K.L.:
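Structure below; questions to follow.
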Amino acid sequence: MTHVNSRRTALTSVSLLATGVLLAGCGALPGTGEEKDAVTVWLMRGSASEDFLERFTEDFEAHHHDVTLDIRIQDWTGIGAKVTKALDERRGGESGAPDVIEVGNTQVPQYVEGDGLLDLSLESARDLGMHDWLPGLAEPGVDSSRQYGIPWYAANRVVIYNKDLFRRAGIDRPPTTRADWLDATRTLNSGGTQGIYLAGQDWYTLSGFIWDEGGHLAKQTSGVWSGTLATPAALRGMAFYRQLQALGGGPRDADEEHPPQAEEFARGDIAQIISVPGATQRILQKNPELKGKLGYFPIPGKTSRRPGTVFTGGSDLVVPANTDDRDGAVEVVKALAGEKWNTDLARTMNYVPNKTTLAVAVAGEPGVAAMAVGAAHGKATPRSPLWPNVESGSNPIKEYMSKVLAGGDPSTEAKRASREITRRLDERN
């Protein structure tokens, strides 16, 4: 998946092994002669704190006396090739072959190819309460009505706003509809204040507006994927984006990290940005005087009854088909994705839990609570295993956005971008 930038610094495998909490390999308990199975779990750096992993390991092993957990921390850089290799390899005596892997939610489709993952549909329906899962985590994990990816945690964009600037503009509550949002932003966009800082190539935010209109980035018909930015619904999403983006000074030809929008917001003359709540840390590092002056609200929808659709980032858990301990691996997944430890992880790391019914667990954190409202209606990128081809290099969606914001004809540019998306999703290329 393309992960949102809300990671915390976490442990390395070296520090884990130094604590003596997580054991590698399988062996006998001292003095017992009893063999214990080792379940190797690959988790990504920053996904869970050392304290969480220590508590989880102790509890899991206490309830599963025949299992030892071997948790190995992986880096996001290069993880795709490493996971693909692990799924393709035969099991041997090699230590460290994974039985459970954390993967980005939008990465699951590429790993399903080649029958590399276990079908966990039965466990999902029987044990894991799949009907309450966040759609943006669950849907990428499905292929041919089979569930391969088990939702673990989510994060998504909200509106971060400057309370002082809202108050000075006479706005006493956050907007809940798109129309009210535009009106409020127009009011804010005056007297040296930018109503909103929205970079011209923030295609994740555009995706939400397109989905709200009933459109798609790409659709599959008879097994063939095609770009769909030129549909009336998708063009309406772009039209709203253009209206909103014009109410501030965000660059038309760059994304939200060039320059970093959090640092732009920290100047104090911008009323709103669209970002993950974790951006607050960067804002306050740049300008500590904004402490206590920042608020959050879900991206508004077309009506007040439903918030805006958002791109959901986060992680799923998968089990390689070549695991030699299916039962142990499934037990680990059930524990990590179950209510007790999923709630614990969300509170520890300020994530959105994997179920809409668990949102109450993060209600005390305003930024995370705002994320949870949006996540209930979140989506992920198209389930094509070739979708990474669209995002890599010169992303045609970004180029399309910049051309329209610079005055290009939306329909013409959307057709051009859609043709390029179709080409990149063509398995024959």
Side-chain angles (χ1 to χ4, degrees), residues 157-213 215 233-256 259 261-277 279-280 283 287 290 293-311 366-367 370 373-374 400-410:
R157 288 159 178 77
V158 301
V159 182
I160 302 176
Y161 71 102
N162 185 314
K163 294 179 180 179
D164 279 358
L165 296 182
F166 267 58
R167 185 173 59 254
R168 291 174 196 168
I171 303 171
D172 58 4
R173 66 180 69 181
T176 57
T177 69
R178 276 194 192 177
D180 289 345
W181 192 19
L182 282 176
D183 287 343
T185 305
R186 288 190 190 99
T187 299
L188 290 158
N189 193 45
S190 62
T193 296
Q194 293 185 50
I196 189 168
Y197 182 95
L198 181 57
Q201 295 183 349
D202 186 352
W203 70 278
Y204 291 118
T205 295
L206 170 65
S207 299
F209 299 158
I210 289 174
W211 292 326
D212 270 346
E213 295 290 348
L235 289 170
R236 289 195 300 271
M238 184 65 218
F240 178 77
Y241 190 99
R242 182 167 55 174
Q243 284 183 283
L244 189 63
Q245 199 273 339
L247 299 175
R252 295 174 177 175
D253 58 352
D255 63 24
E256 61 273 25
Q261 65 174 353
E263 296 183 9
E264 295 294 301
F265 184 84
R267 297 199 312 256
D269 61 351
I270 294 170
Q272 307 167 88
I273 58 172
I274 300 172
S275 183
V276 293
T280 299
I283 293 167
N287 185 359
L290 288 176
K293 299 179 181 180
L294 304 181
Y296 313 86
F297 60 89
I299 294 174
K302 298 182 73 173
T303 73
S304 60
R305 293 188 299 274
R306 181 186 173 98
T309 307
V310 293
F311 167 75
V373 172
Y400 155 63
M401 296 170 72
S402 290
K403 289 177 179 177
V404 171
L405 294 175
D409 177 66

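Since the model is a prediction, treat every value here as computed from it, not as a measurement. The residues of the chain are indexed from 1 along the displayed sequence.
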K.L.:
Would you say Y197 and P251 make side-chain contact, with heavy atoms under 4.5 Å?
P.N.:
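Heavy-atom side-chain distance check passes, below 4.5 Å.
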K.L.:
Let me confirm one number: the OG1-CD1 distance from T185 to I171, rounded to the nearest 0.5 Å.
P.N.:
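With rounding to 0.5 Å, OG1 (T185) is 7.5 Å from CD1 (I171).
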K.L.:
Show the nearest heavy-atom pair for residues R252 and Q201, with the distance to one decimal.
P.N.:
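What the structure gives for the nearest pair is O-CG, 4.1 Å.
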K.L.:
Please step through side chain to side chain contact (heavy atoms under 4.5 Å, CB included) for the pair S275 and E256, ending with a clear verdict.
P.N.:
CA-CA 9 Å; S275 183; E256 61 273 25; over 6 Å; no
K.L.:
Once rounded to the nearest 0.5 Å, what's the spacing between atom CG of D269 and atom CD of Q194?
P.N.:
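These two atoms lie 6.0 Å from each other.
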K.L.:
Is there a side-chain contact between I273 and I283, using heavy atoms and a 4.5 Å cut-off?
P.N.:
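With C-beta onward as the side chain, the pair touches.
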K.L.:
Have a look at D212 and tell me which of R306, K302, R178 forms a salt bridge (charged side-chain N to carboxylate O under 4.0 Å, His left out) with it.
P.N.:
R178
K.L.:
Which distance, rounded to the nearest 0.5 Å, do you find between the OH of Y400 and the CH2 of W203?
P.N.:
14.0 Å
K.L.:
Taking C-beta and beyond as the side chain, do R242 and L405 meet within less than 4.5 Å on heavy atoms?
P.N.:
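In contact.
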K.L.:
May I ask you to test the I196-I274 pair for a side-chain heavy-atom distance under 4.5 Å?
P.N.:
yes
K.L.:
Looking at CE of M401 and NZ of K403, how far apart are the two atoms once the value is rounded to the nearest 0.5 Å?
P.N.:
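It is 13.5 Å, given to the nearest 0.5 Å.
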K.L.:
Are any non-hydrogen side-chain atoms of F297 and P175 less than 4.5 angstrom apart?
P.N.:
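When only atoms from C-beta onward are counted, P175 and F297 do touch, with a gap below 4.5 Å.
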K.L.:
Which atom names give the shortest non-hydrogen contact between D202 and R157, and what distance separates them?
P.N.:
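Minimum heavy-atom separation between D202 and R157: OD1-NE, 4.2 Å.
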K.L.:
Work out which heavy atom in A271 is nearest to a heavy atom in F166; give both atom names and the distance.
P.N.:
O-CE1, 3.9 Å
K.L.:
Given 3.5 Å as the limit, does a donor-acceptor pair link the side chain of Q245 with the main chain of L198, or not?
P.N.:
yes
K.L.:
Would you give the length of the straight line joining atom CD of E213 to atom CZ of F240, rounded to the nearest 0.5 angstrom?
P.N.:
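The distance works out to 9.0 Å.
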K.L.:
For Q272 and V159, indicate whether the former's side chain and the latter's backbone hold a donor-acceptor pair under 3.5 Å.
P.N.:
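The answer is no, because no donor-acceptor pair under 3.5 Å joins these two groups.
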K.L.:
Please determine if K293 and D164 form a salt bridge, counting it only when a charged side-chain N lies under 4.0 Å from a carboxylate O.
P.N.:
yes
K.L.:
Which heavy-atom pair separates Y161 from F265 by the least distance, and what is that distance?
P.N.:
C-CZ, 3.9 Å
K.L.:
Rounded to the nearest 0.5 Å, how far apart are CZ of R167 and CG of D172?
P.N.:
11.5 Å
K.L.:
Quick check: closest heavy atoms across L247 and Q243, and the distance to 0.1 Å?
P.N.:
CG-O, 3.6 Å
K.L.:
Is any side-chain heavy atom of T193 closer than 4.5 Å to a side-chain heavy atom of R168?
P.N.:
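Of all side-chain heavy-atom pairs linking R168 with T193, none is under 4.5 Å.
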K.L.:
Report yes or no: does T187 contribute a side-chain atom to a donor-acceptor pair with the main-chain N or O of D183 at less than 3.5 Å?
P.N.:
yes
K.L.:
Please work out whether the ring planes of F209 and W181 are parallel, tilted or perpendicular, with thresholds of 30° and 60°.
P.N.:
perpendicular
K.L.:
Identify the heavy atoms of P298 and P307 that sit nearest to each other, and give their distance.
P.N.:
CB-CB, 4.3 Å
K.L.:
Given side chain to side chain contact (heavy atoms under 4.5 Å, CB included), test N162 with L188 step by step and report yes or no.
P.N.:
CA-CA 11 Å; N162 185 314; L188 290 158; over 6 Å; no
K.L.:
If we only count heavy atoms from C-beta on, is the V158 to V373 side-chain gap below 4.5 Å?
P.N.:
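No, too far: nothing below the 4.5 Å cut-off.
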K.L.:
Is the shortest side-chain heavy-atom distance between T280 and Y296 below 4.5 Å?
P.N.:
yes
